There are 2 protein chains.
Amino acid sequence: MQPAAFEAHLAKVAGEVEAALSTLLGDAPAPGETARPERLLAAMRHAALGGGKRLRPAVTLAVAELFDATGQGALRAGLAVECVHAYSLVHDDLPAMDDDDLRRGRPTVHRAFDDATAILAGDALQGLAFDILSDPRTHADGAVRADLVLALARAAGLGGMVGGQMLDLAAEGRFADGRPLALTEDEVSQLQRMKTGALIEAAAAMGAILGRAGPDDRAAVSAYARAIGAAFQVADDLLDAEGESAAVGKATGKDAAAGKATLVGLLGVDGARARLERLTAEALDSLAPFGGRADLLRAAARFVATRKS
Amino acid sequence: MQPAAFEAHLAKVAGEVEAALSTLLGDAPAPGETARPERLLAAMRHAALGGGKRLRPAVTLAVAELFDATGQGALRAGLAVECVHAYSLVHDDLPAMDDDDLRRGRPTVHRAFDDATAILAGDALQGLAFDILSDPRTHADGAVRADLVLALARAAGLGGMVGGQMLDLAAEGRFADGRPLALTEDEVSQLQRMKTGALIEAAAAMGAILGRAGPDDRAAVSAYARAIGAAFQVADDLLDAEGESAAVGKATGKDAAAGKATLVGLLGVDGARARLERLTAEALDSLAPFGGRADLLRAAARFVATRKS
């Protein structure tokens with residue numbers, strides 16, 4: 001599959017995700033159900049709808065398809081990952097955190113609403129993710145639902161995404177004497193794996209859970225996801241260092257200005273590009289056992305390495 | 001069971017909850033596990049340990065016991081409810097929300113650490129709650145684990161706790177012209193049921209899920225929990241209106257100062273006391289089918305109505 005074909009596929013997935021999330025966040029309350037506070041719902045819609053590449057749900061769907069998982073489960077699992085991703089962006093953008101005004105070319109949630117609403121919208125989106133996964137509509141087998149919850153909760157928590165964001169703030173010198181920490185390459189890689197990689201790895205793992213993949217297949221998918229997760233962050237650092245704000249859809253050059261530890265800072269642009277190529281090769285190697293059935297995942301790996309926004 | 005006996009029971013439960021949470025939040029990383037950011041973990045410990053009546057886990061344990069559920073499941077479910085409760089307090093205390101400096105007689109998390117750390121500690125505690133519930137150590141049957149997750153996620157989200165906090169901010173006039181809304185008694189009751197009651201109802205429901213209670217028994221437990229949840233909030237409003245800050249462990253008189261809609265404001269102190277008695281009677285009535293086996297839950301209802309802090 002050529003990159004252009006994958007981009008078309010991704011656009012199709014994004015449309016499905018957008019429509020399903022919109023339904024989920026727009027459902028009228030069922031009879032007897034407690035009314036939903038409208039301002040909060042509007043902020044959740046602002047956060048979760050209207051943009052995003054939806055790469056994580058595309059990974060979940062592609063892995064589920066690889067293992068012949070059918071039904072709504074993979075889409076719903078993908079929605080849950082997107083809810084966690086969206087909540088993390090809302091909270092990361094807050095004035096107390098990264099203080100960003102712009103996200104995907106639109107005002108961030110706390111700019112469009114207010115800080116309190118943004119905090120609560122993020123909180124509600126995280127809760128919604130686990131609501132979606134544990135709902136019987138996601139899978140008939142409760143053990144599968146519980147496994148999905150566990151995979152996502154681990155990826156989102158102290159040892160994953162939230163922990164990585166904490167390390168990132170610490171690396172910027174937010175908690176000590178105000179000077180950025182001089183992280184080693186290994187430390188930056190670990191931070192990025194937690195902050196960004198863990199959720200991409202969970203997206204893939206959830207596809208394998210839904211497909212009831214065996215241990216060897218899960219290990220192969222996990223190695224693939226770890227490699228594209230790392231590649232995604234290197235590509236992000238390169239886009240921040242080199243990209244234009246209009247194309248990327250958010251402010252660029254912020255990493256260097258904030259003293260953020262990035263692999264571009266440690267390895268230089270050429271070194272980071274070489275790392276990106278190596279990670280992409282690792283991802284493709286991990287898929288060898290699946291032969292042609294994994295072409296969609298191969299295309300995703302190439303897309304991650306070459307994306308322009 | 002006399003109130004003093006129940007307080008002794010509650011203190012014993014609180015000790016077990018404290019010890020179990022401390023273990024959970026203090027475990028050394030397993031081999032190969034990603035390192036935990038220490039500052040974040042310290043903030044989570046500050047939020048979750050060192051106080052709290054632990055009424056919610058006590059309810060989960062008492063309901064589970066009523067239905068002869070054995071093992072670690074009820075304690076772990078109770079820990080999960082406490083994690084959600086603790087996260088909500090951390091976020092509610094933030095400057096962008098209620099801006100509180102004191103909680104249980106100690107500095108709030110953002111005062112002891114900083115706003116960013118408090119946001120992330122709350123986020124991580126919410127994730128941890130679902131991690132705990134979906135872990136096979138909570139129950140051997142995955143369907144039970146998934147049901148626990150669903151009960152807690154629904155109670156914590158848009159139609160429950162977070163939605164209720166949003167309505168509370170709106171009622172204070174935070175989003176319109178700055179004037180408090182004049183809520184009706186029904187609206188205040190609905191707001192309080194979402195903000196406070198939903199989590200207490202979930203605590204009880206999770207005990208019934210673990211005990212595989214039948215529909216009639218679940219309905220009885222649900223009616224009981226709804227009544228004590230409402231009673232808990234009326235008692236809270238009375239304590240705020242009449243209590244002394246030192247005994248209550250947080251600032252009192254804040255509701256009136258903030259223009260908060262409370263049942264004391266609408267019904268007066270005597271009217272609120274009468275409501276509290278009626279709700280307690282409802283709770284006790286709901287337990288009639290269980291006879292003497294529900295004495296612990298009866299004592300919990302009386303404790304809620306008579307607590308002094």
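In the text below, chain A, chain B and the rest are named by the order of the sequence lines, each starting its count at 1. Note that the coordinates shown come from a computational prediction; the quantities given were computed from them, not determined experimentally.
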Ranking B:M166, B:R145, B:Q165 by heavy-atom pairs under 4.5 Å to chain A gives rank one to B:M166
Heavy-atom closest pair (B:G142 atom, A:A146 atom, distance to 0.1 Å) is O-CB, 3.8 Å
Ranked by heavy-atom pairs below 4.5 Å to chain B, first place among A:G164, A:S134, A:G157 goes to A:S134
Would you be so kind as to tabulate the donor-acceptor pairs closer than 3.5 Å made by side chains of residues 80-90 of chain B, with sequence neighbours excluded?
| residue | atom | partner | partner atom | Å |
| --- | --- | --- | --- | --- |
| B:E82 | OE1 | B:R54 | NH1 | 2.8 |
| B:H85 | NE2 | B:R56 | NH1 | 3.3 |
| B:S88 | OG | B:H85 | O | 2.8 |

For residues 110-127 of chain A, give me every residue with a non-hydrogen atom less than 4.5 Å from any non-hydrogen atom of chain B. A:D114, A:D115, A:A116, A:T117, A:I119, A:L120, A:D123, A:A124, A:Q126, A:G127
Is A:R39 close to B:R174 at the side-chain level, that is, under 4.5 Å between some pair of heavy atoms? no
For A:A20, enumerate each residue passing the side chain to side chain contact (heavy atoms under 4.5 Å, CB included) test, keeping only those at least two apart in sequence or located in another chain. A:L75, A:L79
Kindly assign one of parallel, tilted or perpendicular to the pair A:F130 and B:F130, based on the angle between their ring planes and the thresholds 30° and 60°. parallel
Pair up each side-chain donor or acceptor in residues 148-156 of chain B with any protein partner under 3.5 Å, not counting sequence neighbours, and list the distances.
| residue | atom | partner | partner atom | Å |
| --- | --- | --- | --- | --- |
| B:R154 | NE | A:D131 | OD1 | 3.1 |
| B:R154 | NE | A:D131 | OD2 | 2.8 |
| B:R154 | NH2 | A:D131 | OD1 | 2.9 |
| B:R154 | NH2 | A:D135 | OD2 | 3.2 |

Under 4.5 Å from any heavy atom of chain B - which part of [X]:
{"X": "A:P95", "answer": "neither"}
{"X": "A:L94", "answer": "side chain"}
{"X": "A:M161", "answer": "neither"}
{"X": "A:D147", "answer": "side chain"}

Evaluate A:L158 against B:L128 for side chain to side chain contact (heavy atoms under 4.5 Å, CB included), listing each step before the verdict. CA-CA 8 Å; A:L158 178 62; B:L128 180 61; over 6 Å; no
